[in-house]
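In this chain, numbering begins with 1 at the start of the sequence shown.
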Amino acid sequence: MLFRSIAAQALNVPYDLVEVAEQDTANVPNSGPTVASRTCMVVGKLVETAALGLKAKLDVAGLSGDFPARCAEYIRLNGPLKQFEKYQGPPGIQWDDHAYQGDAYSAYGYAVYVAEIAVDTLTYEATVTDFVAVQEVGRVIHPVIAAGQIEGGVAQGIGYALYENVQWKDGQMVNNQMTNYIMPTAADVPPIRVFFTETPYAHGPGGAKGIGELPMDGPAPAIANALENALGVPFNEIPAIPERIMTAVQGR
């Protein structure tokens with residue numbers, strides 16, 4: 001869906017006109033993993049560049065009509081219409097994969113997270129009642145997917161901050177079942193209000209850059225700060241399960 005949106009915007013054609021071919025690793029070289037922001041920034045930029053390359057070929061050929069008609073005429077005259085692109089890192093970025101030194105990232109994202117919490121002073125259970133995420137992403141490619149990515153990351157961050165207490169014994173996780181590993185359910189996740197700011201990044205598709213990592217980084221500190229503000233004691237360890245909150249409050 002994301003790549004279709006990028007291609008459609010680059011070609012200035014309706015979204016439904018773009019079709020994603022069935023994936024086949026026999027047709028492409030090894031491109032590394034499909035992970036988080038790398039997918040949008042690297043592969044998305046390749047899709048955009050390739051789409052613009054197709055458009056340039058049609059322009060050079062001097063064909064008229066709408067995009068499908070121009071493609072059909074090009075193919076009739078010249079055979080298959082194809083464009084190949086290979087990733088080129090942004091200029092000025094240097095990285096030594098052997099020494100692990102240099103510019104690890106070509107761009108950085110920024111965000112502000114605000115959590116509102118409630119604490120039961122009898123059970124010492126904390127819940128998040130409202131959450132606001134403001135994120136700078138370069139440019140939003142698909143508003144629904146972008147908001148959903150942040151909402152999902154915040155929900156994970158809430159679990160990280162308040163519920164998911166990993167227990168280890170002899171190098172093994174001992175609470176590795178849904179019956180003894182507590183995760184937030186839909187009832188534990190508050191309204192998550194997502195807002196975007198955009199500062200286009202020249203080397204991302206349409207100006208887009210990373211979006212996937214930050215929503216897991218910011219919620220826990222925001223929730224810990226809210227707990228300190230509410231109870232007057234610092235919280236430097238997560239998850240802030242009731243036992244830890246009780247110990248902190250009674251020990252102040």
Side-chain angles (χ1 to χ4, degrees), residues 1-16 18 20 31-53 55 85-95 102-116 128 130-161 184 189-226:
M1 184 181 292
L2 178 68
F3 294 152
R4 289 178 71 186
S5 295
I6 291 171
Q9 290 178 24
L11 294 170
N12 195 27
V13 299
Y15 174 83
D16 292 338
V18 180
V20 177
S31 61
T34 301
V35 289
S37 300
R38 180 182 186 276
T39 306
C40 179
M41 286 182 61
V42 175
V43 184
K45 185 62 176 178
L46 288 171
V47 169
E48 180 188 66
T49 305
L52 293 174
K55 198 173 180 182
E85 296 293 339
K86 184 177 181 180
Y87 176 73
Q88 299 291 329
I93 298 296
Q94 302 293 330
W95 174 253
D103 302 305
Y105 305 99
S106 59
Y108 292 88
Y110 302 90
V112 175
Y113 298 110
V114 180
E116 182 179 273
V128 182
D130 193 14
F131 199 97
V132 175
V134 181
Q135 192 147 330
E136 189 274 310
V137 298
R139 178 173 171 270
V140 176
I141 297 292
H142 194 295
V144 175
I145 293 178
Q149 178 107 33
I150 293 174
E151 290 164 359
V154 169
Q156 286 181 283
I158 290 172
Y160 183 52
V189 177
I192 301 171
R193 294 179 282 152
V194 179
F195 302 91
F196 294 105
T197 63
E198 297 179 309
T199 305
Y201 172 56
H203 302 289
K209 57 183 181 181
I211 190 173
E213 292 81 4
L214 283 175
M216 268 297 292
D217 297 335
I223 292 168
N225 285 339

* Structure fact -> Smallest heavy-atom separation, I93 atom then D103 atom, equals CA-OD2, 3.7 Å

* Non-hydrogen atoms of A146 and V140 that approach each other most closely -> CB-CG1, 3.9 Å

* Asked: Do K45 and E85 pass the salt bridge (Lys or Arg N to Asp or Glu O under 4.0 Å) test, and can you show the C-alpha distance, the side-chain angles, and the key distance before you say yes or no?
  -> CA-CA 10 Å; K45 185 62 176 178; E85 296 293 339; over 6 Å; no

* Does some side-chain heavy atom of V128 sit less than 4.5 Å from a side-chain heavy atom of E116? -> no

* Test item: K86 and L46 side chains (from C-beta on) under 4.5 Å apart, heavy atoms -> no

* **Non-hydrogen side-chain atoms of E136 and K209 separated by less than 4.5 Å** => yes

* **Straight-line distance of L11 CG to L52 CG, nearest 0.5 Å** => 7.0 Å

* Under the 6.0 Å and 45° cation-pi test, does R139 pair with Y201? -> no

* **S106 to P90 - nearest heavy-atom pair and separation** => CB-CG, 3.8 Å

* Asked: What are the two closest heavy atoms between D16 and R4, and how far apart are they?
  -> CA-NH2, 3.8 Å

* Side chains of F3 and V47 in contact at under 4.5 Å (non-hydrogen atoms) -> yes

* **Heavy atoms of other groups near Y160 OH, more than 12 under 6.0 Å** => no

* Asked: F131 versus R193: any side-chain heavy-atom pair under 4.5 Å?
  -> no

* To do: Starting at OG of S5, measure out to CD of E48 and round the result to the nearest 0.5 Å.
  => 12.5 Å

* Structure fact -> CD1 of I6 to OH of Y15, rounded to nearest 0.5 Å, is 11.0 Å

* How far apart are the closest heavy atoms of P205 and C40, and which atoms are they? -> CG-O, 3.2 Å

* Asked: Is the closest side-chain donor-acceptor distance between Y113 and Q135 under 3.5 Å?
  -> yes

* To do: Answer yes or no: are there more than 12 heavy-atom neighbours, outside Y105 itself, under 6.0 Å from its atom OH?
  => no

* Side-chain contact test, heavy atoms from C-beta onward, threshold under 4.5 Å: evaluate it for Q156 versus P219 and give yes or no. => no

* Structure fact -> When every non-hydrogen atom of Q149 is compared with those of G212, the smallest separation belongs to NE2-CA, 3.5 Å

* Side-chain touch L214/Y110, heavy atoms, less than 4.5 angstrom -> no

* With a 4.5 Å heavy-atom cut-off, do P190 and I158 have their side chains touching? -> yes

* To do: Show your reasoning for whether side-chain contact (heavy atoms from CB on, under 4.5 Å) applies to I211 and F196.
  => CA-CA 10 Å; I211 190 173; F196 294 105; 4.1 Å; yes

